[in-house]
Amino acid sequence: MFVSLGNHTFQPQSHPGHPSLDPSCMVLLVILVKTFLNILMIAIGRKDTHQSFLEYFCVSVALIDFLLLGGLSFIAYFQDFALWGIRFTKYHICLLPQIMSFACGFLHCPVFLLAGLDHYLNISQTSKVSRFCRNIFYFFSVIFIWIAALVYVLGDPVINVSLSKHGLSSYQCPFYVSIQSYWLSVSMVGVLLVVFGTCWSEVPALIRSLRIASYMNETALYFPLAPDWDHMVICKKQLLIKLLICFLGTWFPFVFLQIIILFLDIRIPAYVEMNVPWLYFVNSFLIATVYWFRSHELKVTETVLYMDPFVSWKFCFIPFTIHHMEQMGKAEAVTVC
């Protein structure tokens, strides 16, 4: 059963009919898996990308989850102790993730909008701020966002009543589901389905003409260009197809997972939903969106092309930066996934 509470929903994480499931152990296990995935995604991402607000936020999420895991493990081991005048018991193993659930639940839309604005300014190259100053701004912005979210959560009387009401019982540990993340997921999946439907007539021809090769130590997908293609003009529909192929080439399993979650109406705790894989997925979506909307005045530079740790967008634009196409023989558009 779910109980609505503002921006969130409540559900017990286990039931009295299953006494073998210790809620505190389940919470620790979930945070352990999440922390591992966070660190893994940051480790396997490309390191030659230009820094963005969302990358700093991803690092902050990974760091907070790691500290939360360490703190909860310490509480689980000692179970009842006092630190700085505060008594910690097994109850806090559920209380602290509940507080993080509220904080994370309120951050989805603000982070999405700030990351989109950041990519828009960087890709449009309208900001003249130096890279060092930009990184300092990202660092303090992330700290401010987390502090603001926690202050709001701890100062909200409705949330405080809910936290005090749903304590840790023998077999239950409540969690909260963010409405913001649900609607963000619905919107992004909806946009992808609309784009796929719009480009569906060109997809079979592109698949038939697909060739796989190696370019500068990267696996590249080559698509022959139409005879009337003008390399001086970026066709928005051609670019849209390339961006879609690049995006789905990397994130199709994640998109499929999102569709399954939405279709089955699976409720995921807010402190689990705010994870690094999800944020990198949002990052790629935002970059592709800004690329397409700014394609008519896009200046293709190293800063613009190397912004995503997981998707290579550069070959969507390289043909538009080559000015001596006649020396290449048959012109080809290149897309790397």
I would like to know whether L69 and F36 meet side-chain contact (heavy atoms from CB on, under 4.5 Å); could you show each step before the answer?
CA-CA 11 Å; L69 176 64; F36 173 77; over 6 Å; no
Near F66 CZ, under 6.0 Å, is it more than 12 heavy atoms from other residues, nucleotides or ligands?
no
Salt bridge (Lys or Arg N to Asp or Glu O under 4.0 Å): pairs with one or both residues in residues 173-196, sequence neighbours excluded
none
Does the side-chain contact (heavy atoms from CB on, under 4.5 Å) test come out yes or no for L68 and L96, once each step is laid out?
CA-CA 8 Å; L68 182 63; L96 295 179; 4.1 Å; yes
Under the side chain to side chain contact (heavy atoms under 4.5 Å, CB included) test, residues paired with Y77 that sit two or more places apart
none
Under 4.5 Å between side-chain heavy atoms, counting indirect links through other Ile/Leu/Val/Met/Phe/Trp/Tyr residues: same cluster for V59 and I39 or not?
no
Does L67 share a hydrophobic cluster with V61, counting links as ILVMFWY side-chain heavy atoms below 4.5 Å and allowing steps through other members?
no
So which atom in C104 and which in M274 form the shortest heavy-atom distance, rounded to 0.1 Å?
O-CE, 3.6 Å
Nearest heavy-atom neighbours spanning I64 and M100
CG2-CE, 3.7 Å
Restricting to pairs with a member in residues 279-288, which pass side chain to side chain donor-acceptor pair (under 3.5 Å), not counting sequence neighbours?
H119-N283, W251-S284, S284-D308
When you measure from the side chain of N38 to the backbone of V276, do you find a donor-acceptor pair of N or O atoms at a distance under 3.5 Å?
yes
Would a distance-only check, ignoring hydrogens and angles, find a side-chain to backbone donor-acceptor pair under 3.5 Å from T35 to I31?
yes
Grab the two heavy atoms, one from A149 and one from L107, that are nearest each other, plus how far apart they are.
CB-CD2, 3.8 Å
Reported CH2-to-OH distance for the pair W313 and Y291, which is rounded to 0.5 angstrom:
7.5 Å
Does any pair with a residue in residues 103-114 pass side chain to side chain donor-acceptor pair (under 3.5 Å), and if so which ones, sequence neighbours excluded?
none
Without swapping roles, check the side chain of R46 against the backbone of M307 for a donor-acceptor pair under 3.5 Å.
no
Got a donor-acceptor contact below 3.5 angstrom from the N275 side chain to the E273 backbone?
yes
How far does CD1 of I179 sit from CG of L184, to the nearest 0.5 angstrom?
11.5 Å
For residues F144 and L154: do they belong to one hydrophobic cluster (side chain heavy atoms under 4.5 Å, members Ile, Leu, Val, Met, Phe, Trp, Tyr)?
no
To the nearest 0.5 Å, what is the distance between CD1 on I259 and CD1 on I261?
10.5 Å
Closest heavy-atom pair and its distance - L192, L244:
CD2-CD1, 4.4 Å
Residue pair W278, S185: steps toward the side-chain contact (heavy atoms from CB on, under 4.5 Å) verdict:
CA-CA 10 Å; W278 161 257; S185 183; 4.1 Å; yes
Which pair of non-hydrogen atoms, one from V282 and one from F112, has the smallest distance, and what is that distance?
CG1-CD1, 3.5 Å
By side chain to side chain contact (heavy atoms under 4.5 Å, CB included), V142 pairs with (sequence neighbours left out) F53, Y56, F57, S60, W146
Going only through I, L, V, M, F, W and Y residues with side-chain contacts under 4.5 Å, is there a path from L63 to L28?
no
Same cluster or not: V194 versus F196, using hydrophobic residues (I, L, V, M, F, W, Y) connected whenever any side-chain heavy atoms lie under 4.5 Å apart?
no
Interatomic distance, SG@C25 vs CG@L32, rounded to 0.5 Å, equals 12.0 Å
What distance separates D65 CG from K34 NZ, expressed to the nearest 0.5 Å?
3.5 Å
Using the side-chain contact (heavy atoms from CB on, under 4.5 Å) rule, take Y152 and F102 through it: C-alpha gap first, then chi angles, then the decisive distance, then the call.
CA-CA 9 Å; Y152 177 78; F102 280 109; over 6 Å; no
Closest approach of C58 to L279 (non-hydrogen atoms, all atoms of both residues)
SG-CB, 3.5 Å
Aromatic contact, F247 with F310 (centres under 6.0 Å)
no
Do any N or O atoms from the side chain of Q98 and from the backbone of C94 form a donor-acceptor pair under 3.5 angstrom?
yes
Once side chain to side chain contact (heavy atoms under 4.5 Å, CB included) is applied, do any residues pair with I136, and if so which ones, sequence neighbours excluded?
F132, F140
